Every structure is written in C-alpha cells, then in structure tokens.
Amino acid sequence: MVAQKRSIEEGSASRKSKKLKTSQPQATTSTAALGTTQSHPSEEIDFPRGGGTSFTPLEVKAIRAEAAKEADEEFFKEVESEAKKSKKRKRKSETTQNTKSEKNEATRIEHLNYKRIVTGMKIFGQIAAIQPLALIVSLPNQLFAHVPITHISSAFTQTLEAEAEGSGISDDEEDDEESSKSHIPDLGELYQVGHFVRGIVTAVHPAGSTAASHLGKTRDEVVKASRRVELSLEPDKVNAGVQKADIKPGFTLTAAVKSTEDHGYILDTGVPEVSAFLSFKDAKTREKSKIHTGQILDVTVTKVAAKGRTCHLTLDNAVYSTTALSEISSVSSVLPGTLVQALITGVQPRGLNLQVLGFFDGTIEDFHLPLDHSYKVGKKVKARVLYSFSSSPPRFALALNSHILKLQSPTIDSKPVSDAYPIGRVLDDVEVLRVEAERGLVVKAGKGIHGFVHISQISDEHLPTISNSGPWKVGTLHQARVTGYFVFDGLLQLSLKKSTVNELLLQVTDVQVGETIKGTIKKLTDAGLFVAISSNIDGVVWPNHYADIALKHPSKRFKPGASIKCKVLAVDLERRRISLTVKKTLLESELPVISNSEDAKIGTVAHAVVFQVHPKYLMVEFFNNLKGIVPLKEASDTPISNLAETFPLGRVVKVRIIQADSAERRIVASIRQALIDRPTPVDVGSIDIGNIVEGDVAEIHKDNVVLLLRPSKARALLSLKNLANHRHVSPAQLKTELKPGDSLKELVVVNRNIEQHLVIVANKPKAKASLSKNLASVEDAEAGQVVTGRVTRHIGHGTLVKVSSHVGGILHPTDTSDDYEAGIAHPPIDSIIRAIVVGIDASKSQLILSTRASCLQPESTSTIMDRQISDVVDLQVGDTVRGFVKSVMDHGLFVTIGRNVDARVQIRELFDEFVKDWKPKFQVNQVVKGRILSVNLDTKKVEMSFRSHSQSTTTSIKAADIHTGQIISGVVKRVEEYGIFIQVENSKLSGLCHKTELADNLEADVTAALNGFKEGDKLKAYVLAIEDRRISLSIKPSLLEGALEDSGDLDDDAEPLGVVEGDVDMQSEDGFQAGDHDEEMEDASDQDSDASEIQIKLDQKMIASLSLKAAARREKFDQPLPSLHLSGGFQWSGNTDANISASEASSDESDADGGQSKRKKRKRKEIQQDLTADLQTKMPESNADFERLLLGSPSSSYLWIQYMSFQLQLSEIQKARDVARRAIRTIDFREEQEKLNVWIALLNLENVYGTEETLESTFKEASKANDSKTVYIRLAAIFDQANAHTKAEEQYKRTCKKFGKSSKVWTLFAEHHLRQGNVEEARKLLSRSLQSLEKRKHLKTISRFAQLEYRLGEPERGKTLFEGIVDSHPKRWDLWSIYMDMEATQKDIQSLRNLFDRVLALKMTSHKAKGFFKKWLELEKRLGDEDGQNAVKEKAMEWTQKANSS
C-alpha cells in the first residue's frame, strides 16, 4: 500500500511539472538542445579554449534545428496524452457523480501496522499495564509498545542513575542532600492504567525479538507484543519542533517536573528558550496530590510572559482535554494527542478525509469513528491527532471516538469494559460489520461495544484471506469468546474458533486448585510429565506425584498422546505454572481440599503428601504448596523407631489439623488422630483466662469432672475437690450426688491447653464484704480493700494486674512477699492473684497493690523476713536489708529495696576480694542482701555494700608483711633530685622510687615529672626489692598494671551478704528493664558486634559525657560549669549523674580499673596507669597539672579529652579547640583509635559551641584523617545524643549514600528510625539495603533487622524474618542461636522448645549439638520448669546414643 500511495503522489507531481513546462517551452527546448550538444565528447581537442568547437557554423545551425524539432514532437505527445487522460477522468467523474477533487482522490486511508511504524514517529497511546521497569502502552489499530523506565524523562533517569551509583558527597553538598531526600517512586506511583500518553518511537524490533530485556521473561501475550516498539516520553524529544512562538494560552503539551520550589514546580517542556512554572494552586486539581521530580505531567499553558521566556501552566484535566489548537507556526508544532479543528473533505467506506487547521491533510480510520456515525462533506469537527505519516506533504491520522476526545477510558453501564466483558466470556450472537480480507473481522459484540477478530482466530483451519461472500460475510451472526481487550481502540479481542469457544480452561486463572481435569500427555522427561489441559495451557506432574508408590519405569505407563486424568495440585499465577498430580488416592479422595491457611480449620481431616522426613517429625504438603508438620508423637499410636521407613517420601497420608495459625502459615497435623472417628474438637483460643462460663456435666472421673461448656461445646475439666469445697461436702458424697447432664454455673477459667483443646475451670470464689463492691473506676477503690485480679504483663517496675474491665493495678516486686527468697517477684502471666490496695496513683489511674501476707492478714503472727520499706526515712546506716537487682551497670548495681527506694552498690562494695569479671555473677531481679552505708534524705540517695567487713578498722603494716612484687599504697614523704621517698600507708616504713622508675617513657622529662609531685600526694607503688630493710619502689604503669591483674590480697573475712543462694525467680534482663539506668544498659547492649565497629569502651563514654554535659551548659551558659572528672564518675548518666556529687562519683577506683580490663583487642597506656597519684582524692586543678600528666602519657585520648573539658569549664572554647588540635598532632600515629577519640570529642565540641560551617569543616578533616565510615556514623550518633533527630536522619542518609555497600550503616539507620517511632520507614530500608549490598551480606543484614524488630519493633515481624533465614539456610548454626536468643526475650518457652526440636533434627556435629543442648538446658532453668529440664537431658542422651550408633 505504501508503494501504491507513493506512485500516486509521484504521478500527481509529474502532472504538475508538465503544466509548468507549458509556460516555458522554448527554454526547455534550448536546454535540451544544449544538453544534447554537450553530451558528445571532443575527439580532437581535450580542453578547447574560448568556447571553440570542431563543428563549422553551418553544422552547428543544422544540429540546433534538428534538436528543436525533436523537442517539439516530444512535447506535443505529452500534451495530447494529458488531454486524453483528463477526458477519461471527466467521463469517470460524470458517471460516478463523484465531486471529489483531484487532491482528495489521491488521499488514501491507511491502516497502521508494525511495518509502518518508524523511528522518530510521534504517536498517541494509552497505558494498558504497568511493569516494574516498563510501561505497556496500547497504540492505535490494535498495536502495543513499551516505555522503558529510563525513557520517562531525563530528570527521572538522572535520579535513577544517582541512586544506582551511590556516589559520594560532591562539593555541592546542598544539591546532594536534596537529591538524597527525594524518594524514587515506582512507576505505579507515577501512572495509572488507562492514562493517555504522548510518545516518540525510539526503536522498532523485529517480531520475536527479546531486545527489551527490562521486560523480562513473560508468558503474557500483551507484554510479548509490546517488545517490538520502544517509546520515549521525554519532553525534549516528544515536543521537538515546537517553537517559542507556539507557546500561547491554550497550548497543550507534556512537561517533566524539574524541581520543587517555594511556591510551585519548575517544569521542563523541551521547548528552547522557554521556562515553565506550575504553582501549587494550579497543581491542586490533580487527583494525586503527590508530584515527584522527573514525573511527566499533562499541562495547558495559561499565561505567557511579555517576552515569551516564561509561561504558567495548569494541571486541570478538564482544560487539557477540551482545549483545541487553532493556529501554529509550523507542522512540527502539531503534537500527538492535540485536539484540532478540522473540515471533512471526503467520506469513504473506510473512513474520512479531512483538512486539518486549513493547511494539512488528515484521515480518520473506521476504528476511530463513533459506533453510530454519520458525516457529510463540509462539516467542521474537533478531532484528536493520533500520529503523523512520514510523507510529504505532511498528513495526520486523527480520531473522533468519544473516549479519546474526552481522554477517558470507555465504560459500559458505568463499569469498565474489562469488567463488563471479562476474558473468557462467551458471546452468542456477534454480528459481522466489516470484512478486511487480509486482517480480520470487525463485529458488533453488544450494545455500545465492537470487537475485532484477527484472521488467525476466525477458524481452526488456516485462512490466507477472507471473502466478502463467504460464511463470514457482513451481517452474519456467530458465537465468539472474549480473549482480550484493546484499550486504546475500545475494542474487544475476540475469537470465533470453535476450539477456543468450547474451551473450558482459557487462561491459568480459570484453573481451580483441587479440581479434577482431563488432559493429553505431551512428553515425559526426567524433570516431569507435561500434560496439555487445554489448547494454550499446560501442566506438569512432578515425579513424586506419578503414583501412590514410586515408579521404576514411568515411560511404560505414560505414553505421549494418551489421555490422562489429573488433579490440580497447585497454581502459580505469577509464573503461570500449574502443578498436577495423578496419585490415585488424591484423585479418588472425597476429603476437603486444603489449599490455603484459611481452609486449615482445627479438626479438619484431609489428605496430604509426605515430602520431608526428620527424626522427630514429618513435613507434609497439602494443595497449593501449603505445608504442615506432624510431630513424632502424632505419627502413630504405636512407637516408631524409624519414621523414614514407615513414611517414605511421596506417601499420601490422612491427617487431622490440630493447630493452625493463619498469620504465620503454621499448621500442625496428626496422623494418629485422623485414624479415630471423633467429633471435631472446638477451638478454645477464643476462651480467655478469667472468663465466667457455665456448662453441663459430660463425664465423671476419679478426680475430675468433664464438662461441655455452653454454647461453644468446648471440653473443660473441673476438680472434684474444688467443687466439693464449694458445696461444703465431701468428694465421696459429691460423686453420689453429681450426675451427667447436671448444669454448673459461675465457673472461672483458670487455664487452657490449646493443643489438647481443653480448658481448666474452677468454682468462682464467694465474694467477701470487701469484694462486693464492683470497681467501675479508680475512684471507687479504697486503701485496705482486698481485690482479685489477673496478671497481664511484666514491666520493669513490677507486674501489671487487671482488677476489672476499667481498673488496673501494679504490684511491685518488694510487695509480693514477706520473704523475698521464698516468694515470686513476678507472678506468671494469666494467673489469678488476691491483693490488697495499699495506695492509689491518681495521675496514672492505677492501684498500688500488695500480696504480702502481713498486709492481707494483719492478725497473722508469721515471721516477716523482709520488712516493708516505703521511704528512705525507714532506713538507718548499718541496717541489713534484702532487695532485687534492678540493673547491672559498668560501675556497679542498682538494687530495689522498696517501692520507691533504690540503693546503689559500687564495684568496690560488691566483694571482699578483687573479682575481675563480676557482671555474670548478677542478674536482673536476683535477690541480694547488703548493709546500708549512707542515706541522704535530701537527694534520697542510698549507698549499700555487700562487703563483709567495715573499712574503718585498720591494722599496722610491718616490714615482714611487705614482699617483692606487692602493690602498696602510700604518700609522698619527700622529693629529691634523684627520686621520691614514699611512706607506706598505715606504717612507719618508707621506700625510695628512683627517677628512672617514674614512667615507661624513657624520653620523658623526669625533672618536670619530679616537680609535679608534692609532699602528701597519695599514690600506689610496686615493690621492686627489699635489701637490708631498704625498700626499692617503682610507679611504672606497666608494673602496676600487671600486678593489679594478678593481685587477690583483699580481706578473707565473709558475711552472708551479696547474692542470696537458692533464688528461683531469675527473670530475663530484657523483659524487665525500666528507668534511666535500664535504658542506659539497653543502649549499651545494642552496640554492633562487627570487627570493624568502633570500640567505644571507656574513652568514648567520656566523649558521650562531654556531649551531654556540654548540651546542658549551652542552655545555662552563664552558670558555673561542673567539673568533668578523670575517674569513672562520668559514667553516670541521666538524672543520676546530676544528683551524685563529685566526691561520690570520683571515689570508685574499681570503676576505672574495670573499664581498663575491657580493652581486649589492644592494650594501650591509660591515664589510670600513668598517673601514680590517687586521682580519686587529688584531681588536676590547673593547666600545669594536666601538662604534668600528659608528660607521662602523651598518647592518652582520655587525658586529652579531660583537658578539653577543663578548658570548657573556664569558657575557653578556643583553647579547648587548640588542645584538641595539639592532641591530634602529638598522639603517636600508630594509636589510630586514640586519635579518633579526640576527633569525635572535637566534633562534639563543634556541634554544641560551633557553627554549622565549623562543624562541617571539622567533619571533612576527620573523614580524611580517619576511617571515613566510622566518622560518618559517629557524627550521626552525636546528632542523636543531642536530640537533633532531623540532622541525624540527614547524616544517616548521607552515610547510606556514600557507604551503601556496608551492612552496618543500613542497620544503624533502621535503628534510628525505630527509636523515633518511624517503623514503616525502618522496614523500607531493608529492601533498599538488599539492593545495594553484596549478596554475601544479605543474611547478616536481614538478621540484624530481625533483631531490631525484636528489641524496638514488632517481635512477630522479627520472627518472620528469622524463619525465612533458617528456612533457606538451615545449616547456619549462628543464625539459629541468635534466633533462639531473641525468642528467649519473649519468655515463650514453648516456642523455644519448638526451635530446639527443629534445629536438633538437622544433621550436625556432636560439638554443635552439645552447644545447643547446653543452651536449651540453661533456658529451661531460667524460663521453663523441672519437667522441661528433665526432657532436655533425656533428649540429649537419646541424640548421643543415636549418633554413636550411626
């Protein structure tokens, strides 16, 4: 057709050229003659000069005359032929009475196909589907194309590239920060199905091409068809050709969002020298208020500036769809999708001819005309441009369809066409409206809707062409089936093939799981049996589903082409895969089909297939890949030694559902119970403990009565003794009186067993006078009133108790019993307790309860082992009291000894002897006993000691008591040029410390060091030698450090103080931490365990303290600044730090030593080691003191940071900066960690006292001088500590962008979000991190996110993440261990038992198994019971025996 059209145009052009020749015949003749003359080459002269020729003048004249004669003859022949043709056209025009002009007769209405689509062609389309990386676009004439995600707009592509590259921070920090804030939306957020788009063809691929890799492998026919044409929506390409003069009010075009400003959006239209602006007010008309950078918008020009450089736009869809173009500067300004004025110049059987905008030709194909149309020549219409033909002169294809003019998807009875005519629907009578011999049929499918039948879908036989007089002629009726929908054309895709119309299963969604179908065997391979179940749907039978037993020769049973009966086992809609089974048991089964977790009702009996066998359980598979577990005890009534032999893989078993959790998709089934015909058990999960129920007696046993509760018919057990006591009769008499069918009321549910579908009930206790009053609110309660409640939850301050539906109370651990050792500090959850109201907290609407026997029964004479302490005034110095460990800190313990009274036990007061690793000896809620050392009534601070002696008693030390290698305490007696004399404490002995024994640093200035000592300074010294009663001493840090670690020369006296033996109420620390101290401990436990992690330790706690204290000073800058001590006092945080005096905080030498012992990776010289004076009693008080200390330890970041803090106390901020810079220059280059500590302290200082510029400058220097990732992370932590959460989030974003390959930065960012309550933002980071991280880091990252969910989010979500990890990597024992530790924090011992059962069923070494059994036993001791401990030991012995036998 293209060739035919081209010949017609050429013919027209030739006629026009001949008319032009008639006006100048002489010129043409002369030109021809000259050309003829010059065509003969010269034979005699190669280069004649002066126009010379070899012919004589007479010969030249004769030649010219002959040429003129020939030209005249040729000319008159053409004129005569032209006259004949015009006569023929005139006769033809008269006979057909056709009034078309010559131009219109030459214009043909062409059909668009893939061959006519060329690169650079602009076209209008409609989005048919949205893929993750591409848009599927419906084009005119039943064609499809796709738009890659990188062809949306240049701004959007740049955003994608920046995200993918994860480039570092450039010099333009603001631009990078803004880009990091931008959220990269999915294509589903930018577009909706049905949206009309303007595009330009960028590539055309041949049929069957797979060049569009971003579409991926698919079985969707529409997506496959869209591979051939690739479009771009970029405005600079689509709007190419639009001139500045065309931008006038009413002009419609597409534009991309370039940036967001204060009052609106800057848009990129692609028009040179024109900038566009869309105000927020004009953007409100959009249905989706969210507009993203790089998004393509359909806009209309509303206002143009005077010089035309700036235009204002609107997003109003009504204006965009109704505004028509009236004038243009050139043909390139007519864009696809533009509404234009047109004049009908011709009506043809296949459409209309039009004149567009008074200049250009246009055509409208019949597909793009309204269904019931009637047009006449000369009528003016508004049509929408679809595309332009690549021809000259230019010509456009337009549309008059109502839905295209309105830019709305067509509807039928207010419903989308796809809903009114779903795929697979059979239409009985469709009428043929038009026959296209080589393409197909256009039919009327129903009221207001047409359809198209491709030539390949008309008959089951091959049809090369369609005849107008055949069985499918116009007006005939046929039965058809809907197979698709052409969105843009508004046509149904139909098929008339009998095989398709009669097909039961047209698409995968028509296949139902569990239905029985017949198919035809296509082929048998090693992978499986492939079965054709319809003309275009295949299924596969996996080898384990060939039969009920394993087939050795399946090829003998399954022959290609044979008919086969199958049952649908699973349907995977995403992969369009159907799994079948031909097991006879499943085919003939009449039991219910369980295909999803909702079908798995407790008590349901169904068939399943064994697909995994473990020593302790079976894994069975139901339909649709739904899996369940059958424990060993539920596999058979008789003991089974080998499950694999009894239940081989692939065996079909009948099971009964005994547990089902639809949320976790966890199903527990029983083969044993399925063999017994019993009524379906009732789910007791809806019956809560504490509910009042009633029921009928069903059975009477020796000790219990079986009841059927009303109306649920759930089984319940009631103790005969309980019922006898309630009725005041003996159990024997009750048995004779009680009969089946008797009704019992007022029963309380006290326990339930969901696995056995059983509840335990008891008679409701008779109410006493104090209980007769129903508590509707806290105001109704009175002190001294006895109440009954149910334990609901454990918190750090005690136990929450639900007294009534509107009233709750709290039970403090010290109010639970008069004997802490024998009582239970935290009663079990769901247990019923009886308590007395001892107070009312009106602010929290909460009752304060006590279960002490002395309070409930004041008349009782029982011994009170632990008296009630309500306030600090109840304590006296020297009192011995017991309490519960509240928290374990780096500097000691906090012990709860009363409801509102906590005591502090410093490290030095914990033991009589030196204990290096003391923390494991104490646990939260452990019962301890101690002596009160001091009570401060003003600050309500209490100090306690576990030591068994008083420090007031001293003994005189003699010479015989001192030996070589001993550490002694003393004071400076005299300072000489050669050393210092030290007098031993509590004696008259003295020794000499030579100047060479002052420091390990041989290059140190010993003279300055000697000048730093004064008489009376306290210090510790190492005994080098004792000769003739002369004692040689040394204060070198290396000697003091080694001796302190090995010393154990403390007192041996002991009293029964400290940990109380036999305590059974040892609760997990994670479950009960509360308060400021507990939060500090929790923060400390949250540190990452990577080898690359910053070792915060003692020095970095100093840094954190500097930040906190500096922040406090910023608010009250003019007040006296507190001192920052060199001892462990800075470790106190929160309110505690503010209340403890400097002398108290600095009096604990053990704190500093404990901090030193934590340096595992590398021993460094610490200030406690180099400072020989006792810093607890003598603090540096001047610059000279610090300079003297720095002389002995120039590489100690701890001392340098204290020096900075000292300057800050004097408000010498610049000097503090200078000290930091000096420290960085002085510290040895090998001490990288020490330098890093100083850099972090300097960043803290700049954050509090500096400006944003100085902070940023310091940050960049620190990043260059240290590990940049560490500095990035520490700066974010500094912002968090200063409560600058917005800055912290920005810093984390910068860190993730620069170090996207690090798992740690993503985890810390997620932790930041969770601590701020942004749970969803934290969870989104997981998918983003997995896209950036290497695959080897995925498991570690998912594990960390799961741990964060346990600690700060939802434990159930963390459990789901861990389940996915251990399911895909069952041999990662470390992940199993972490999973168990996280589950232990939930105190669900049954869940832990299930985990241990699962992991121990896997194949592992005896060493690994021993570790798991040991861990299990410890958890049973802490959370379980004695039966659980015995069970663990039995399983360990069983595992060992089995391992030895194998």
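Only a predicted model underlies this, so the values are computations on that prediction, with no experimental measurement involved.
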Q: Please report the interatomic distance CG(Leu626) to CG(Asp599), rounded to the nearest 0.5 Å.
A: 8.5 Å
Q: With heavy-atom distances below 4.5 Å as the criterion, would you say the side chains of Val568 and Leu580 are in contact?
A: yes
Q: Using modelled atom types and a 3.5 Å cut-off, is there a donor and acceptor pairing between side-chain atoms of Arg656 and backbone atoms of Gln673?
A: yes
Q: Table please: side-chain donor-acceptor pairs of residues 542-550 below 3.5 Å, with sequence neighbours left out.
A:
from   : atom 1 : to     : atom 2 : distance (Å)
Trp542 : NE1    : Ser579 : OG     : 3.3
His545 : ND1    : Thr581 : OG1    : 2.9
Tyr546 : OH     : Leu529 : N      : 3.4
Asp548 : OD1    : Thr585 : OG1    : 3.3
Asp548 : OD2    : Thr585 : N      : 3.3
Asp548 : OD2    : Thr585 : OG1    : 2.7

Q: For the atom pair OG1 (Thr1307) and CZ (Phe1345), what is the distance rounded to the nearest 0.5 Å?
A: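 So the OG1 of Thr1307 and the CZ of Phe1345 are separated by 5.5 Å.
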Q: Between Glu1311 and Arg1315, is the closest basic N to carboxylate O distance under 4.0 Å?
A: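 Yes, Arg1315 and Glu1311 are salt-bridged.
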Q: From Tyr1350 OH over to Leu1361 CG, what is the distance, rounded to the nearest 0.5 angstrom?
A: 9.0 Å
Q: Report yes or no: does Ser831 contribute a side-chain atom to a donor-acceptor pair with the main-chain N or O of Pro827 at less than 3.5 Å?
A: no
Q: Which pairs with one or both residues in residues 629-668 pass ring pair (Phe, Tyr, Trp, His ring centres under 6.0 Å), sequence neighbours excluded?
A: none
Q: Any pair with a residue in residues 604-618 that passes salt bridge (Lys or Arg N to Asp or Glu O under 4.0 Å), sequence neighbours left out, goes on the list, sorted by first then second residue, please.
A: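 Listed once each, the pairs are Lys616-Glu1438.
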Q: Going by side chain to side chain donor-acceptor pair (under 3.5 Å), name the residues that satisfy it together with Thr792, two or more places apart in sequence or in a different chain.
A: none
Q: Within the 3.5 Å criterion, strictly below it, is a donor on Glu634 or Tyr617 matched to an acceptor on the partner's side chain?
A: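 Side-chain D/A pair, Glu634 to Tyr617: absent.
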Q: Name all residues meeting the side chain to side chain donor-acceptor pair (under 3.5 Å) criterion together with Arg1372; count only those two or more places apart in sequence or in a different chain, and write none if there are none.
A: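 Asp1374.
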Q: Before giving the answer on side-chain contact (heavy atoms from CB on, under 4.5 Å), spell out for Lys627 and Ile667 the whole-Å C-alpha distance, their side-chain angles and the decisive distance to 0.1 Å.
A: CA-CA 7 Å; Lys627 297 175 176 58; Ile667 299 174; over 6 Å; no
Q: Which atom pair, heavy atoms only, marks the closest approach of Ser595 to Val513?
A: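 Minimum heavy-atom contact is CB-CG1, 3.8 Å.
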Q: Do Ile657 and Gln659 have side chains that approach each other closer than 4.5 Å (heavy atoms only, starting at C-beta)?
A: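 No, their side chains stay 4.5 Å or more apart.
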Q: Any side-chain to backbone donor/acceptor pair from Asn1444 onto Thr1440? Under 3.5 Å, distance only.
A: yes
Q: Are any of the side-chain heavy atoms of Arg1398 and Val1366 separated by less than 4.5 Å?
A: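 Touching, per the 4.5 Å side-chain cut-off.
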Q: Nearest 0.5 Å, please: how far is OG1 in Thr1360 from CD in Glu1354?
A: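 Glu1354 atom CD to Thr1360 atom OG1 measures 9.5 Å (nearest 0.5 Å).
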Q: Carefully, step by step, assess Ile1378 and Ser1343 under the rule side-chain contact (heavy atoms from CB on, under 4.5 Å).
A: CA-CA 8 Å; Ile1378 296 173; Ser1343 171; 4.1 Å; yes
Q: Specify whether Phe1412 and Trp1373 have parallel, tilted or perpendicular ring planes, treating 30° as the upper limit for parallel and 60° as the lower limit for perpendicular.
A: perpendicular
Q: Going through the distances and angles, do Trp1306 and Leu1326 end up as a side-chain contact (heavy atoms from CB on, under 4.5 Å)?
A: CA-CA 8 Å; Trp1306 291 104; Leu1326 178 57; over 6 Å; no
Q: Between Asp1388 and Ser1391, do the side chains contain a donor N or O and an acceptor N or O under 3.5 Å apart?
A: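 Absent: no donor and acceptor within the cut-off.
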Q: Are any of the side-chain heavy atoms of His1338 and Leu1333 separated by less than 4.5 Å?
A: yes
Q: Does the side chain of Met1437 come within less than 4.5 Å of Lys1433's, by heavy atoms?
A: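 They are not in contact (no side-chain heavy atoms under 4.5 Å apart), so the answer is no.
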Q: Is the backbone N or O of Ala644 less than 3.5 Å from a side-chain atom of Asn642, with the two atoms forming a donor-acceptor pair by type?
A: yes
Q: Starting at OG of Ser1329, measure out to CZ of Arg1344 and round the result to the nearest 0.5 Å.
A: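 The OG atom of Ser1329 sits 11.0 Å away from the CZ atom of Arg1344.
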Q: Side-chain polar contacts of residues 605-613 - donor-acceptor pairs under 3.5 angstrom, sequence neighbours left out - could you list them?
A:
from   : atom 1 : to     : atom 2 : distance (Å)
His607 : ND1    : Ser589 : OG     : 2.8
Gln612 : OE1    : His614 : NE2    : 3.0

Q: Quick one: do the Ser1332 and Lys1301 side chains pair a donor with an acceptor below 3.5 Å?
A: no
Q: Give the C-alpha distance, both sets of side-chain angles, the deciding distance and a yes or no for side chain to side chain donor-acceptor pair (under 3.5 Å) between Lys1269 and Ser1302.
A: CA-CA 9 Å; Lys1269 182 175 76 172; Ser1302 170; 3.2 Å; yes
Q: In the structure I gave you, are the side-chain heavy atoms of Lys1324 and Glu1321 within less than 4.5 Å of one another anywhere?
A: yes
Q: Do Leu1308 and Ile1273 make a side-chain contact, defined as non-hydrogen atoms from C-beta onward lying under 4.5 Å apart?
A: yes
Q: Which distance, rounded to the nearest 0.5 Å, do you find between the NE2 of His1312 and the CG of Asn1318?
A: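 Taking NE2 in His1312 and CG in Asn1318, the distance rounds to 7.0 Å.
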Q: Taking it one step at a time, do Lys1304 and Asp1267 satisfy salt bridge (Lys or Arg N to Asp or Glu O under 4.0 Å)?
A: CA-CA 14 Å; Lys1304 179 181 177 182; Asp1267 178 54; over 6 Å; no
Q: Salt-bridge test for Glu1349 and Lys1359: reply yes if a basic N is under 4.0 Å from a carboxylate O, no otherwise.
A: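 Not counted as a salt bridge, because no side-chain N and carboxylate O are separated by less than 4.0 Å.
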Q: Could you check whether any side-chain N or O of Thr646 sits under 3.5 Å from a backbone N or O of Leu643, counting only pairs where one atom can act as donor and the other as acceptor?
A: no
Q: Let me know which of Phe1362, Trp1376, Trp1416 forms a side chain to side chain contact (heavy atoms under 4.5 Å, CB included) with Leu1395.
A: Trp1376
Q: Any salt bridge linking Lys1415 with Glu1420? Criterion: basic side-chain nitrogen under 4.0 Å from a carboxylate oxygen.
A: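 Salt bridge flag = no for Glu1420 with Lys1415.
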Q: Taking the basic N atoms (NZ, or NE/NH1/NH2) and the acidic carboxylate oxygens, is any pair closer than 4.0 Å for Arg752 and Asp830?
A: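 Salt bridge absent between Arg752 and Asp830.
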Q: Charged N to carboxylate O below 4.0 Å: is that the case for Arg1323 and Glu1320?
A: yes
Q: Are the side chains of Asp1397 and Lys1435 in contact, using a 4.5 Å heavy-atom criterion?
A: yes
Q: Determine, stepwise, if the pair Leu1348 / His1313 fulfils side-chain contact (heavy atoms from CB on, under 4.5 Å).
A: CA-CA 11 Å; Leu1348 289 176; His1313 276 311; over 6 Å; no
Q: Using the ring of each side chain (for Trp, its six-membered ring), is Tyr1292 parallel, tilted or perpendicular to Phe1309, with breaks at 30° and 60°?
A: parallel
Q: For Glu598, is the CD atom crowded, meaning more than 12 foreign heavy atoms sit under 6.0 Å from it?
A: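 For Glu598, atom CD is crowded (more than 12 foreign heavy atoms under 6.0 Å).
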Q: For Lys1337, does the NZ atom have more than 12 heavy-atom neighbours from other residues, nucleotides or ligands under 6.0 Å away?
A: yes
